[in-house]
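Here is how names work: the chains are called A, B, and so on, in the same order as the sequence lines, proteins then strands, and each is numbered from 1. Just so you know, these numbers come straight off a predicted model, no measurement behind them.
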Amino acid sequence: MENKNENNLEESKTSLNFIEQIIETDLKNGKNESRVHTRFPPEPNGYLHIGHAKSICLNFGMAEKYNGLCNLRFDDTNPTKEEVEYVDSIIEDVKWLGFDWGDRLYFASDYFDQMYDLAVELIKKEKAYVCDLSAEDVSAMRGTPSQPSQASPYRNRSIEQNLDLFARMKAGEFPDGSRTLRAKISLDSPNMQMRDPAMYRIRHAHHHRTGDKWCIYPMYDWAHGLEDSIEKITHSLCTLEFENHRPLYDWYLNEAEVYRPQQIEFARLNLSYTVMSKRKLLELVQEKQVSGWDDPRMPTISGMRRRGYTPESLRAFSDRIGIAKRNNVIDVALLEHNVREDLNKRAKRVMAVVDPLKVTIKNYPVGQVEELEAVNNPEDESAGTRMIPFSREIYIEREDFMEDAPKKFFRLAPGQEVRLRYAYFIKCDEVVKDSSGKVVELICSYDPDSKGGKSPDGRKVKGTLHWVDAHHNIEAQVRVYDRLFTVSDPDGDKEKSYKELLNPDSLSIIEKAFVEPSVKNAAVLSYFQFERLGYFTVDKDSTDSKLIFNKTVGLKDSYSKENKN
RNA sequence: UGACCCAUAGUGUAAUUGGCAACACGUUUGAUUUUGGUUCAAAAGAGUCUAGGUUCGAAACCUAGUGGGUCAACCA
């Protein structure tokens with residue numbers, strides 16, 4: 001084991017992803033005074049998802065690894081889509097993931113004045129002009145990758161006229177959409193980004209930070225490079241779809257004659273059985289397909305937090321998926337592996353019965369209650385032990401009993417003996433059914449010498465069941481989640497929209513589960529392992545009188561897997 | 001259709017930069033086990049998209065092809 005860890009350490013030393021290779025080369029060459037300064041630049045138009053977590057871990061991770069800095073910067077250049085609610089949620093999520101931006105919380109909108117001044121400079125250099133064309137006209141004149149664009153009739157306005165018009169745009173003299181400021185770059189570049197892209201558009205909209213100060217707002221390409229430049233970012237990491245924008249990024253910074261960070265693109269994360277676009281997630285929220293952005297089925301950071309994922313597990317996941325330029329789809333099983341790995345070490349074990357079947361132990365004294373000692377976490381001795389009440393009537397899991405059991409069924413069946421964890425061996429003597437033939441109760445007998453679950457005579461008992469006392473317990477609601485979509489690639493279906501592929505059974509609510517008394521005052525988001533069932537966390541909908549648990553993920557289950565095939 | 005990017009076990013990422021493919025997840029098998037969990041041990045699974053070329057030697061470099069992705073918003 002030690003050897004393995006050493007190997008992994010060595011590997012993480014020598015095996016660098018392509019961004020680390022670039023950074024190390026830059027460091028070696030003394031580029032940017034050998035600084036590393038990154039940034040995570042979300043647009044506050046939605047909640048962060050696991051794909052953002054990858055980017056957050058990358059940006060903050062690179063800064064950490066190379067003794068640099070990472071800023072949190074809101075790219076808030078479009079007031080019609082952005083809201084403070086999103087700003088707040090993003091701050092909470094990044095913090096929860098465990099990253100610290102110090103005092104470097106920035107907003108693109110804080111730079112609007114500088115951006116405006118620089119745009120004026122471009123006009124003076126005849127590198128930008130005010131265009132009166134409508135969006136439709138521009139689109140119609142755009143041409144195609146192989147056919148050049150038609151020049152805007154306003155392309156050759158005088159500097160003075162451009163200056164005047166741009167100032168009046170800013171002053172609010174023109175209605176929305178009536179004019180834009182455009183960069184004067186090319187009419188026939190095969191890269192469509194370079195065909196006189198818009199730099200400013202008119203939007204008489206209230207901005208969450210600048211209020212009504214502005215009615216013109218910078219476009220992404222113009223704004224983003226300047227934001228990076230102003231913050232002296234060294235490596236501006238973004239996703240692949242901005243690859244075609246890089247020449248424009250460079251052109252703007254070059255023409256603005258300002259410090260030029262290096263844009264590097266990497267492949268965004270895709271996860272099987274879910275969607276990762278903010279637009280689609282927004283639709284699920286707005287159409288009430290889910291309870292909100294933090295619905296535990298959502299791939300959002302807030303949803304996963306509520307589901308019971310730990311920040312450590314998300315960070316470990318991010319490390320393991322790697323960074324590259326190849327389009328990828330990560331198997332959710334890897335994500336689930338990472339939570340289990342973390343929770344296995346940390347979660348307090350507890351017994352809960354989710355689908356109760358009553359068991360009466362006929363030879364156990366009526367009215368007697370014993371307190372039995374149970375281990376809190378076999379992976380962590382310091383977690384200690386606790387006492388669990390046991391009496392004549394208990395509940396076991398319905399699926400732990402079978403009347404006609406196959407040979408490899410190590411659980412309860414007529415005549416078969418099992419161990420009740422930490423309690424006693426019991427044997428099933430009698431099956432009680434209701435008029436419809438449904439099993440409603442089991443009559444069993446116990447071996448008093450097997451107290452604690454120990455075999456009194458060395459006899460082997462293969463099965464161990466979890467249980468909860470029928471009288472000393474807590475009733476709880478349990479919410480069990482399945483994948484949100486029925487297919488592994490909901491975006492990939494040509495016929496059906498992702499909404500038609502939603503899993504109708506992604507949420508099942510168990511109103512009446514029984515949990516052992518020790519969880520009584522469990523705090524929201526505290527996590528447990530319900531033995532043999534999986535990991536669970538306390539939902540925020542819980543009240544003083546009713547606990548609600550979310551199932552984070554089940555335990556690995558080689559038994560039921562075997563039986564599916 | 002033009003430009004740009006990408007191509008390595010089922011999935012993802014490596015290969016100390018040209019020296020005969022490794023790690024993780026997943027899968028399977030066995031051992032241990034008072035969780036059919038954990039842990040431990042092992043196995044199967046690619047010869048690196050194709051075809052040429054350079055080289056003593058290519059997953060890596062070159063050319064062409066094929067397949068996939070991105071771009072033609074006054075979104076980011």
Side-chain angles (χ1 to χ4, degrees), chain A residues 1 4 7-8 11 13-17 21 41-43 45 75 77-78 80-81 131 133-135 138-139 142-147 149 176-182 188-195 197-203 216-217 219-221 223-224 238-247 265 267 272 278-279 320-331 333-338 340-341 344-345 349 351 374-375 378-379 408 410-411 419-423 425 450 452-455 461-466 529-534 554-562:
Chain A
M1 187 178 164
K4 213 174 190 177
N7 284 339
N8 286 342
E11 211 174 308
K13 264 187 208 162
T14 54
S15 153
L16 305 173
N17 67 49
Q21 290 178 18
E43 183 192 11
N45 68 342
D75 203 3
T77 57
N78 184 357
T80 60
K81 287 188 177 172
C131 180
L133 255 23
S134 68
V138 171
S139 175
R142 174 81 61 193
T144 70
S146 45
Q147 288 168 300
S149 306
D176 285 3
S178 60
R179 284 181 167 83
T180 55
L181 182 72
R182 290 226 259 163
D188 58 3
S189 171
N191 181 348
M192 299 300 285
Q193 308 303 328
M194 301 298 273
R195 317 253 273 228
M199 295 170 66
Y200 277 90
R201 72 293 214 185
I202 301 173
R203 286 274 180 286
I216 58 172
Y217 290 92
M219 299 291 294
Y220 168 84
D221 293 288
H224 202 89
C238 63
T239 45
L240 250 30
E241 64 268 30
F242 294 104
E243 237 161 2
N244 294 331
H245 297 235
R246 193 182 341 128
E265 311 85 13
S272 60
K278 273 200 228 174
R279 196 203 92 226
R320 274 200 254 246
I321 59 177
I323 300 292
K325 300 190 74 160
R326 183 159 39 148
N327 295 315
N328 59 78
V329 182
I330 308 287
D331 192 340
L334 180 59
L335 217 209
E336 293 177 346
H337 169 261
N338 280 283
R340 288 196 193 99
E341 182 182 57
N344 176 49
K345 287 180 300 196
R349 270 61 168 177
M351 290 202 284
V375 172
E379 307 295 317
K408 283 217 164 183
F410 304 141
R411 309 179 187 183
R419 167 171 30 236
L420 294 176
R421 178 144 235 223
Y422 301 124
F425 289 1
S450 62
K454 294 179 189 71
S455 181
V461 172
K462 189 77 174 153
T464 301
L465 307 188
H466 61 276
Q529 183 195 102
F530 290 176
E531 294 216 32
R532 303 211 305 134
L533 294 179
L555 259 22
K556 269 214 262 179
D557 186 357
S558 48
Y559 172 72
S560 68
K561 199 186 324 183
E562 192 177 300

So, does [X] get its side chain near the phosphate of [N], meaning an N or O under 4.0 Å from OP1 or OP2?
X	N	result
A:Ser15	B:rC23	no
A:His337	B:rC25	yes
A:Arg320	B:rG12	no
A:Lys556	B:rU38	yes

Looking for any heavy atom pair under 4.0 Å, which part of the strands does [X] touch: base, sugar-phosphate only, or nothing?
X	value
A:Lys345	nothing
A:Glu265	nothing
A:Arg195	nothing
A:Ile323	sugar-phosphate
A:Gln147	nothing
A:Pro247	nothing
A:Val461	nothing

Between [X] and [Y], which heavy-atom pair has the shortest distance, and what is it?
X	Y	result
A:Arg340	A:Lys556	NE-N, 3.7 Å
A:Asp331	A:Ser272	CA-OG, 3.6 Å
A:Asn78	A:Glu43	CB-OE2, 3.9 Å
A:Met199	A:Arg182	SD-C, 4.1 Å

If I pick the [atom1] atom on [M] and the same atom on [N], what distance separates them, to the nearest angstrom?
N	M	atom1	value
B:rU55	B:rA46	C1'	25 Å
B:rA51	B:rA15	C1'	25 Å
B:rA76	B:rA60	C1'	35 Å
B:rU11	B:rU50	P	15 Å
B:rA64	B:rU27	C1'	39 Å
B:rG47	B:rC40	C1'	31 Å
B:rG18	B:rU1	P	35 Å
B:rG45	B:rA22	P	13 Å

Within this structure, what is the [atom1]-to-[atom2] distance between [X] and [N], rounded to whole angstrom?
X	N	atom1	atom2	answer
A:Ile321	B:rG26	CD1	P	16 Å
A:Leu334	B:rC25	CG	P	8 Å
A:Leu335	B:rA24	CG	P	19 Å
A:Asn17	B:rG12	CG	P	17 Å
A:Asn344	B:rG37	CG	P	12 Å
A:Asn338	B:rG26	CG	C1'	13 Å
A:Arg532	B:rU38	CZ	P	14 Å
A:Asn328	B:rC25	CG	C1'	14 Å

Nucleotide nearest A:Thr464 when distance is taken to its side chain, options B:rC25, B:rG36, B:rA14
B:rG36
Among B:rC5, B:rG12, B:rU33, find the nucleotide with the atom closest to the side chain of A:Lys325.
B:rC5
Syn or anti: how is [N] classified when any glycosidic angle within 90° of 0 counts as syn?
N	result
B:rA73	syn
B:rU17	syn
B:rG47	syn

Specify the residue among A:Gly453 and A:Ile330 whose closest nucleotide of RNA chain B lies further upstream toward the 5′ end.
A:Ile330
Return whichever of A:Arg340 or A:Glu379 has its heavy-atom-nearest nucleotide of RNA chain B closer to the 5' end.
A:Arg340
Determine whether the side chains of [X] and [Y] contain a donor N or O and an acceptor N or O closer than 3.5 Å.
X	Y	value
A:Asn191	A:Gln193	no
A:Arg195	A:Ser149	yes
A:Arg421	A:His466	no

What is the per-nucleotide protein-contact pattern of nucleotides 69-76 of chain B, from the 5' end, where B denotes a base atom under 4.0 Å from a protein heavy atom, S denotes such proximity for sugar-phosphate atoms only, and - denotes neither?
SBSBSBSB
Report the C-alpha distance between A:Lys454 and A:Arg419 in whole Å, list the side-chain angles of each, state the deciding distance to 0.1 Å, and finish with yes or no for side-chain contact (heavy atoms from CB on, under 4.5 Å).
CA-CA 9 Å; A:Lys454 294 179 189 71; A:Arg419 167 171 30 236; over 6 Å; no
A:Phe425: partners by ring-ring contact (aromatic ring centres under 6.0 Å, His included), with sequence neighbours left out
none
For the rings on A:Tyr559 and A:Phe410, is their centre-to-centre separation under 6.0 Å?
no
